[in-house]
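First the proteins, then the strands, lettered A, B, ... as listed; each starts at 1.
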Protein chains: 2
Amino acid sequence: MTLRKNDGVPTISDVAAGARVSRSTVSRAFSRPELINPSTVELVKKIAAGLGYVPNHAARALSTGLHGNIALIVPDIENPFFPPLIRAVQTSADMDGYSVFIGDSDENSAREIKLADRLINQVEGFVLASPRTGQQNIVALNQRRPVVAINRDIRGIPRVLIDPSTGVSDAVAHLAEFGHRTIAYVSGPTASWSDQQRRLALCRAGLKCHIKIRLIAAERPTFDAGVHTVPAVLRSGATAAIAFDDFMAHGLLSGLADHGISVPERFSVIGMDDVLGASTFPALTSVSARCDDAGRIAVQLLMGALRGESADTRSVLRTQLVVRATTGTVSHRKM
Amino acid sequence: MTLRKNDGVPTISDVAAGARVSRSTVSRAFSRPELINPSTVELVKKIAAGLGYVPNHAARALSTGLHGNIALIVPDIENPFFPPLIRAVQTSADMDGYSVFIGDSDENSAREIKLADRLINQVEGFVLASPRTGQQNIVALNQRRPVVAINRDIRGIPRVLIDPSTGVSDAVAHLAEFGHRTIAYVSGPTASWSDQQRRLALCRAGLKCHIKIRLIAAERPTFDAGVHTVPAVLRSGATAAIAFDDFMAHGLLSGLADHGISVPERFSVIGMDDVLGASTFPALTSVSARCDDAGRIAVQLLMGALRGESADTRSVLRTQLVVRATTGTVSHRKM
DNA sequence: GTGAAAGCGCTAACAC
DNA sequence: GTGTTAGCGCTTTCAC
């Protein structure tokens, strides 16, 4: 009965003693069993199982430099865009034998860095989802540990980008078919990569379909912002609106109802990200962002980077219009 | 220029060399600065900052046994019940200086155990949210590392329980005031602790208010299950339904609409967990579960357990009825 | 107040 | 095939 600090949890030495072999043999029985006599392996594993021995990752990491962990940092776990992504990252990482740290930066650049610093010595690499911090910080981090960015286009950093253009252009075409000629874009945080992409895609699609795009700026992408922005949207002369995200779209729906304007009869609305599913009324037509794919691919890229592969991959995910019930034929009555 | 494995990331030795002190001094400058000459501390910290040195938790853990990590295991990250909880856990843990591993068990007992085993040597303790695994597994885990359970009532395991009874009894009283006399409960997974609690609370409230409760069993708590269960609900003679969760309630809403039954004029519906907010139509009356509080308190309990405090705390959170638009005066017309 | 040395649990040459 | 040894980055007696 040795007295040890690591109370209760058996170590490699305990197994070695039990199996009457050296510690290296135990180590190899787990990490490289092919080097060892099968009967020895079996014996070791039996003893280990009996003792409830599980290899200590932290200790292993100290000698190998491999922790078997990755970190995922997101700006806001509660934003419904992220849970599917988190889940996909966790599941994919698990299949590759990695555990995942989760960090919520609370939309805050400094916290993002702080979390990354805290974790840097326990992880093989990082997945930064929609990072809020400056490019130079990401590049610096990448010099210490491989980084994969989601929705941030930085040369030299493997990245997966959700490209709104296909979905948005389908959305515009869809509205054009219904006879709409002027569409309002209710923007999100204008500084964000996502908003820029969406705005750009929309303008391009508008040009192609000969549709006028009116930009309506809203500060924060919230339900309330959507509600409050309705008068401006109506003033713009648009007969349809595409919102930066589903929450704003939902707010628009509510604000329009307050103004007595029925959707889709007198006004059409399209959201983005498709995180509300069919739960709004009427069920919201939206551009789906496939955030789970983004997570899965991010892990693939990270695994590639860990194997020392191509350092500058740029994976672009297309989006897709999901038509539900908030879009319809343009109303020609004056509003 | 020493060649080292831990490429790029500075170690305590680098700082020691830079500051021309011993490694122990650097160590103490970070962990026990009061033992050290303030000017030395300052020097060391300056050098460390310049090098970008961050103490290596994994290495520290090897000698102290303290990793500065906890693990959070949930059955399904995408279930909107959990993101607020995850966020609260991460934020609280961070304030106590802990990083958090996230694991998604996919509603699967075996995966729950597998995740816990993988992590056991890297964490101080576990938060198990709505664990799906057997009680004996949880108890066994708790013998190796402190465990806090959420929504699982096991003696000897610190736990935080979301008690539906206040919210549910308010819900029943609310319906009773509107004249309802028979209420259907559309159940979730009958084996789950949550469903048992909710059913029980409902029956008790029914007794108190002289309301008949009809149990309608549904397998999985999904939107579709809610839709399909509508005929049975109507057959039961109930004029209102309380669903196991908001998704089923939302399904009921949709199914009722399909049957041409308007809500709340001819039928009232109440959900649980309040995860859909006001996004349904009509906006769903629901019993709010305050999952973020549960996460925060779970971390508090875990921190207590780590300090060796009271091993058998049982923290009960009350719930609250949020009245929106799906409840109203009972219709006396025959349906 | 600071340094030297041992050891946390494990892996990885290098022997045999 | 298996054991011996050194060392991963850090903390922690024990000296001085």
Side-chain angles (χ1 to χ4, degrees), chain A residues 2-44 47-48 51-69 118 120-124 144, chain B residues 2-44 48 51-69 120-124 144:
Chain A
T2 334
L3 188 65
R4 72 165 54 68
K5 187 188 308 170
N6 186 4
D7 195 34
V9 183
T11 79
I12 204 171
S13 301
D14 299 322
V15 180
R20 315 187 133 275
V21 297
S22 76
R23 304 182 325 157
S24 354
T25 302
V26 178
S27 170
R28 286 190 275 252
F30 281 95
S31 39
R32 328 217 23 215
E34 69 278 11
L35 297 181
I36 295 265
N37 189 319
S39 63
T40 316
V41 173
E42 200 185 346
L43 171 65
V44 168
I47 302 283
L51 262 43
Y53 168 76
V54 195
N56 181 328
H57 270 100
R60 169 180 295 172
L62 210 49
S63 51
T64 59
L66 303 174
H67 303 256
N69 301 144
R118 261 184 139 309
I120 195 158
N121 281 310
Q122 306 196 71
V123 301
E124 252 72 289
R144 319 192 115 181
Chain B
T2 333
L3 189 63
R4 73 166 52 70
K5 188 186 308 170
N6 187 4
D7 195 34
V9 183
T11 78
I12 204 172
S13 301
D14 300 322
V15 180
R20 316 188 134 274
V21 297
S22 75
R23 304 183 324 157
S24 349
T25 302
V26 177
S27 171
R28 285 191 275 250
F30 281 96
S31 40
R32 325 216 27 213
E34 69 279 10
L35 297 181
I36 296 265
N37 189 319
S39 63
T40 315
V41 173
E42 200 186 346
L43 171 65
V44 168
L51 262 44
Y53 168 76
V54 197
N56 182 328
H57 272 101
R60 169 180 295 172
L62 209 47
S63 49
T64 59
L66 304 174
H67 304 256
N69 301 327
I120 195 159
N121 279 312
Q122 306 196 71
V123 301
E124 252 73 288
R144 322 194 108 182

Q: Could you identify which residues of residues 15-22 of chain B place a heavy atom less than 4.0 Å from some atom of DNA chain C, listed by residue number, or say none?
A: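 Within this stretch, Val21(B), Ser22(B) sit under 4.0 Å of the strand.
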
Q: Could you state the interatomic distance from OG (Ser24(A)) to CD1 (Ile12(A)), rounded to the nearest 0.5 Å?
A: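 One gets 8.0 Å once the value is rounded to the nearest 0.5 Å.
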
Q: Report the residues that fulfil side chain to side chain contact (heavy atoms under 4.5 Å, CB included) with Val41(B), sequence neighbours left out, ordered by chain and then residue number.
A: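 With sequence neighbours excluded, Val41(B) shows a side chain to side chain contact (heavy atoms under 4.5 Å, CB included) to Pro33(B), Ile36(B), Lys45(B), given in chain and number order.
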
Q: Under 4.0 Å from OP1 or OP2 of dT12(D): is there any side-chain N or O of Ser63(B) that close?
A: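 No.
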
Q: Given atom CG of Leu62(B) and atom C1' of dT12(D), what is their separation to the nearest angstrom?
A: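 Distance check: Leu62(B) CG to dT12(D) C1' gives 14 Å.
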
Q: Output all residues satisfying side chain to side chain contact (heavy atoms under 4.5 Å, CB included) with Ala59(B), sequence neighbours left out; order by chain, then residue number.
A: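 With sequence neighbours excluded, Ala59(B) shows a side chain to side chain contact (heavy atoms under 4.5 Å, CB included) to Leu62(A), Asn56(B), given in chain and number order.
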
Q: When rounded to the nearest 0.5 angstrom, what is the spacing between CG in Asn69(A) and NE2 in His57(A)?
A: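 Reported to 0.5 Å precision, the distance equals 7.0 Å.
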
Q: List in chain and number order the residues that pass side chain to side chain donor-acceptor pair (under 3.5 Å) with Gln122(B), two or more places apart in sequence or in another chain; answer none if no residue qualifies.
A: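 Listed in chain order: nothing, the list is empty.
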
Q: Could you tell me which non-hydrogen atom of Phe30(A) sits nearest to which non-hydrogen atom of Pro55(A), and how far apart they are?
A: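 Closest approach of Phe30(A) to Pro55(A): CD2-CG, 4.3 Å.
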
Q: Would you indicate, yes or no, if dG9(C) has its OP1 or OP2 atom less than 4.0 angstrom from a side-chain nitrogen or oxygen of Ser13(A)?
A: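 So the side-chain polar atoms of Ser13(A) never come under 4.0 Å of the phosphate oxygens OP1 or OP2 of dG9(C).
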
Q: Just to verify, what does Arg32(B) make a salt bridge (charged side-chain N to carboxylate O under 4.0 Å, His left out) with, not counting sequence neighbours?
A: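 Partners of Arg32(B) under the salt bridge (charged side-chain N to carboxylate O under 4.0 Å, His left out) test: Glu34(B).
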
Q: Pull out every residue in residues 27-34 of chain B that has a heavy atom closer than 4.0 Å to any atom of DNA chain C, ordered by number, or say none.
A: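 Listed by number, they are Arg28(B).
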
Q: In whole angstrom, what separates Gln122(B)'s CD from dG9(C)'s C1'?
A: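 Going from Gln122(B) (CD) to dG9(C) (C1'), I get 13 Å.
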
Q: Tell me the interatomic distance from Leu43(A), atom CG, to dT2(D), atom P, rounded to whole angstroms.
A: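 Between P of dT2(D) and CG of Leu43(A): 10 Å.
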
Q: Which atoms form the tightest heavy-atom contact between His67(B) and Ala58(A), and what is the distance?
A: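 Looking at all heavy atoms of both residues, the closest pair is CE1-CB, 4.1 Å.
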
Q: Using the C1' atoms of the five pairs at each end, what is the angle between the end axes of the helix from dG1(C)-dC16(D) to dC16(C)-dG1(D), to 10°?
A: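 The angle, to the nearest 10 degrees, is 40°.
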
Q: Could you state the atom-to-atom distance from CZ of Arg23(A) to P of dG7(D) in whole Å?
A: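 My rounded result for the distance is 15 Å.
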
Q: Taking N and O atoms by type only, does the side chain of Ser24(B) place a donor or acceptor under 3.5 Å from a partner on the base of dT11(D)?
A: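 Answer is no: no donor-acceptor pair is held.
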
Q: So, using side chain to side chain contact (heavy atoms under 4.5 Å, CB included) as the criterion, who are the partners of Ser31(A) when residues are at least two apart?
A: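 By the side chain to side chain contact (heavy atoms under 4.5 Å, CB included) rule, Ser31(A) matches Ser27(A).
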
Q: What is the distance, to the nearest angstrom, from the NE2 atom on His67(A) to the P atom on dT11(C)?
A: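 The distance from NE2 of His67(A) to P of dT11(C) comes to 14 Å, rounded to the nearest Å.
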
Q: Quick one: Leu51(B) CG to dG9(D) P, roughly how many Å, whole number?
A: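 Answer to the nearest Å: 14 Å.
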
Q: Please assess Leu66(B) against Glu124(B) for the test side chain to side chain contact (heavy atoms under 4.5 Å, CB included), listing each intermediate value before the final yes or no.
A: CA-CA 7 Å; Leu66(B) 304 174; Glu124(B) 252 73 288; 4.0 Å; yes

Q: Expressed in angstrom and rounded to an integer, what is the separation of Leu35(A) atom CG from dG3(D) atom C1'?
A: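 Nearest whole value for this atom pair: 14 Å.
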
Q: From the set dT2(C), dG9(C), dT11(D), return the single nucleotide nearest to any side-chain atom of Ile12(A).
A: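 It is dG9(C).
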
Q: Any salt bridge (charged side-chain N to carboxylate O under 4.0 Å, His left out) pairs touching residues 15-31 of chain A, not counting sequence neighbours?
A: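 Counting only pairs at least two positions apart or across chains, no salt bridge (charged side-chain N to carboxylate O under 4.0 Å, His left out) contact touches residues 15-31 of chain A.
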
Q: Using only side-chain N and O atoms of Thr25(A), determine if any of them is under 4.0 Å from OP1 or OP2 of dG3(D).
A: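 For dG3(D), OP1/OP2 do have a side-chain N/O of Thr25(A) under 4.0 Å.
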
Q: Can you check the Asn56(B) CG to dT11(D) P distance for me, whole Å?
A: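 From Asn56(B) CG to dT11(D) P: 9 Å.
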
Q: Residues two or more places apart in sequence or in another chain: which of them pass side chain to side chain contact (heavy atoms under 4.5 Å, CB included) with Ile47(A)?
A: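 Once residues adjacent in sequence are excluded, the partners of Ile47(A) under the side chain to side chain contact (heavy atoms under 4.5 Å, CB included) criterion are Val15(A), Ala19(A), Leu43(A), Leu51(A).
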
